[in-house]
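Written out below as structure tokens is the structure these notes cover.
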Amino acid sequence: MGYSYIQVETRGHVALITLDRPKALNALSSGLFEDLNRALDEIEANEEIRCTVLTGSAKAFAAGADIKEMQPHSSVTAYMTDLITPWERVSQTRKPIIAAVAGYALGGGCELAMMCDFIIAADTARFGQPEINLGTMPGAGGTQRLTRFVGKSKAMDMCLTGRMMDAEEAERSGLVSRVVPAGELVDTALEVAAKIASMSLPAVMMVKESVNRAYETTLAEGVRFERRLFHSTFGTEDQAEGMQAFIEKRSPNFRHS
Ligand code: CAA
């Protein structure tokens with residue numbers, strides 16, 4: 001079955017998901033998330049795919065939750081339908097997912113990018129949590145994830161004033177890992193994803209799980225968790241191959257097992 005609001009391609013062992021609601025600047029509707037979540041389920045189940053790039057258009061990664069779809073909700077219908085919660089699927093992927101952001105990443109768009117493992121930004125990218133302008137507030141993790149990325153002062157500034165941050169400020173603040181010229185965004189993200197996909201998938205997934213644990217636990221527990229995963233890599237064929245290849249001065253041939 002095809003998709004209405006996204007495009008999905010594969011490039012070797014990398015999946016490229018492109019949000020595709022250009023007339024609404026990729027506003028995030030429930031239909032778009034049904035497509036996105038189904039694509040992520042398929043990618044997670046596909047043994048050939050080892051990393052995903054999520055991108056939008058040159059003008060907008062996504063301009064936020066679909067305001068026209070949200071507008072009729074009451075607090076009761078928002079609660080009873082568990083509005084926004086299905087979006088969390090993105091943050092639950094076990095394989096890595098990179099956000100490649102050009103143009104607007106506002107409200108839910110910024111939150112969606114932050115649900116990915118890291119963000120590569122075009123020099124045209126603009127991030128913001130403008131929900132305050134609508135008399136509401138971020139509802140997909142903006143106050144929580146943005147604070148962890150950029151700290152309290154900037155998160156308060158962004159969420160209370162609704163101002164946008166350009167790519168240069170976003171990199172300086174730690175929101176994005178690197179900034180590239182807009183014309184090179186998707187190719188760069190695909191190259192980065194291909195590099196990750198060339199590594200041992202069990203090791204990659206353990207790194208992702210371990211870094212994410214840093215946000216959920218104390219330092220001592222996090223280090224203990226990391227140590228146990230590190231020990232467990234010695235049970236993989238890929239660790240044996242990786243170290244043997246180093247000693248033999250050749251490239252490793254990972255089998256992802
Ligand atoms: N929801 C629904 N439609 C949207 C949208 C959104 N978030 N953002 C843009 N659109 C639509 C516009 O309504 C417009 O549609 P029509 O042509 O049918 O009028 C079309 O996309 C193009 O938008 P603009 O004409 O506004 O384009 P612009 O270049 O003049 O401005 C913009 C671009 C500054 C991004 C502006 O569109 C804007 O401010 N969008 C809303 C941003 C926003 O408030 N996002 C937060 C949403 S709430 C949220 O996300 C809650 C949460 O935390 C989960």
Side-chain angles (χ1 to χ4, degrees), residues 3-7 17-37 40 54-93 97 99-116 119 121-150 152 154-170 175-176 182 185 215:
Y3 301 104
S4 303
Y5 303 108
I6 63 172
Q7 291 175 20
I17 303 178
T18 307
L19 303 178
D20 189 23
R21 267 195 92 194
K23 287 187 182 149
L25 300 184
N26 292 332
L28 301 165
S29 59
S30 48
L32 186 149
F33 263 96
E34 278 165 27
D35 278 2
L36 181 56
N37 288 353
L40 292 173
L54 177 63
T55 195
S57 70
K59 181 164 183 191
F61 176 73
D66 188 325
I67 298 168
K68 293 165 191 169
E69 185 182 79
M70 274 190 307
Q71 191 264 344
H73 270 289
S74 67
S75 58
V76 172
T77 61
Y79 179 75
M80 296 303 281
T81 60
D82 211 7
L83 185 66
I84 301 294
T85 300
W87 296 23
E88 287 294 332
R89 174 73 187 89
V90 180
S91 61
Q92 292 156 358
T93 57
I97 178 164
V101 174
Y104 296 113
L106 302 178
C110 185
E111 292 167 310
L112 174 60
M114 291 190 293
M115 284 180 203
C116 297
I119 302 171
D123 50 12
T124 57
R126 303 194 72 191
F127 299 89
Q129 297 291 159
E131 293 88 344
I132 196 80
N133 296 320
L134 302 169
T136 183
M137 63 177 285
T143 62
Q144 304 304 299
R145 290 196 179 92
L146 187 64
T147 306
R148 284 165 164 81
F149 275 102
V150 304
K152 178 180 172 183
K154 265 193 199 293
M156 284 284 191
D157 180 359
M158 304 279 295
C159 295
L160 290 174
T161 69
R163 82 170 172 90
M164 294 187 210
M165 194 187 256
D166 65 18
E168 194 272 324
E169 183 181 4
L175 178 57
V176 310
L185 175 69
Y215 289 97

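Just so you know, ligand 1 is whichever comes first in the structure, and atom 1 is the first atom listed for that ligand.
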Using a plain distance cutoff, I'd like to know if M164 has any nitrogen or oxygen under 3.5 Å from a nitrogen or oxygen of ligand 1.
no

Contact check: P138 vs ligand 1, nitrogen or oxygen atoms, below 3.5 angstrom:
no

Please write down residue, atom name and distance for the protein heavy atom closest to atom 10 (N) of ligand 1.
A24 O, 3.7 Å

Under 4.0 Å from atom 36 (C) of ligand 1, can you find at least one protein heavy atom?
no

Please confirm whether Y104 comes within less than 3.5 Å of ligand 1 when only nitrogen or oxygen atoms on both sides are compared.
no

Checking contacts here: is it the side chain or the backbone of K59 that comes within 4.0 Å of ligand 1, counting heavy atoms only? Could be both or neither.
side chain

Please report which non-hydrogen protein atom sits nearest to atom 17 (O) of ligand 1, along with the residue it belongs to and the distance in Å to one decimal place.
K23 O, 4.4 Å

Please classify the I84 to ligand 1 contact at 4.0 Å (heavy-atom distances, strictly less than): side chain, backbone, both or neither.
side chain

Residue M70 vicinity, atoms of ligand 1 by number, heavy atom under 4.0 Å
48 (S)

Could you find the nearest protein heavy atom to atom 27 (O) of ligand 1 and give me its residue, atom name and distance?
L25 CD1, 3.8 Å

What atoms of ligand 1 come closer than 4.0 angstrom to any heavy atom of E111?
52 (C), 53 (O), 54 (C)

I need the atoms of ligand 1 closer than 4.0 Å to a non-hydrogen atom of G139, numbered in the order shown.
52 (C), 53 (O)

Shortest protein heavy-atom distance from atom 38 (C) of ligand 1, along with the residue and atom involved:
L106 CD1, 4.8 Å

Among protein heavy atoms, which sits nearest to atom 18 (O) of ligand 1, and what does the distance come to when rounded to 0.1 Å?
K68 NZ, 3.5 Å

Considering all protein heavy atoms, does one lie under 4.0 Å from atom 13 (O) of ligand 1?
yes

Among residues two or more places apart or on two chains, list those pairs meeting salt bridge (charged side-chain N to carboxylate O under 4.0 Å, His left out) that have a residue in residues 57-86.
R21-D66

By number and element, which atoms of ligand 1 are closer than 4.0 Å to a non-hydrogen atom of E131?
48 (S), 49 (C), 50 (O), 51 (C), 52 (C), 53 (O)

Pairs of donor and acceptor atoms involving the side chains of residues 132-147, under 3.5 Å and at least two apart or interchain, shall be tabulated with distances.
unit_1: N133; atom_1: ND2; unit_2: P130; atom_2: O; d: 3.4
unit_1: R145; atom_1: NH2; unit_2: E88; atom_2: OE1; d: 3.2
unit_1: T147; atom_1: OG1; unit_2: T143; atom_2: O; d: 2.4

In this structure, atom 8 (N) of ligand 1 is nearest to the protein heavy atom A63 CB, 3.5 Å

Could you find the nearest protein heavy atom to atom 1 (N) of ligand 1 and give me its residue, atom name and distance?
I67 N, 2.9 Å

Proximal ligand 1 atoms for L134, defined as those under 4.0 Å from one of its heavy atoms:
44 (O), 47 (C), 48 (S)

Counting only heavy atoms, which portion of A65 has something under 4.0 Å from ligand 1: side chain, backbone, both, or neither?
both

What do you think, any protein heavy atom under 4.0 angstrom from atom 47 (C) of ligand 1?
yes

Looking only at heavy atoms, is any part of T136 under 4.0 Å from ligand 1, and if so is it the side chain, the backbone, or both, or is it neither?
neither

Can you find a protein heavy atom under 4.0 Å from atom 25 (O) of ligand 1?
no

Is atom 30 (O) of ligand 1 less than 4.0 angstrom from some protein heavy atom?
no

List every atom of ligand 1 that sits less than 4.0 Å from any heavy atom of P130, numbering the atoms from 1 in the order shown and giving each element.
43 (C), 44 (O), 45 (N), 46 (C)

Any protein heavy atom under 4.0 Å from atom 44 (O) of ligand 1?
yes

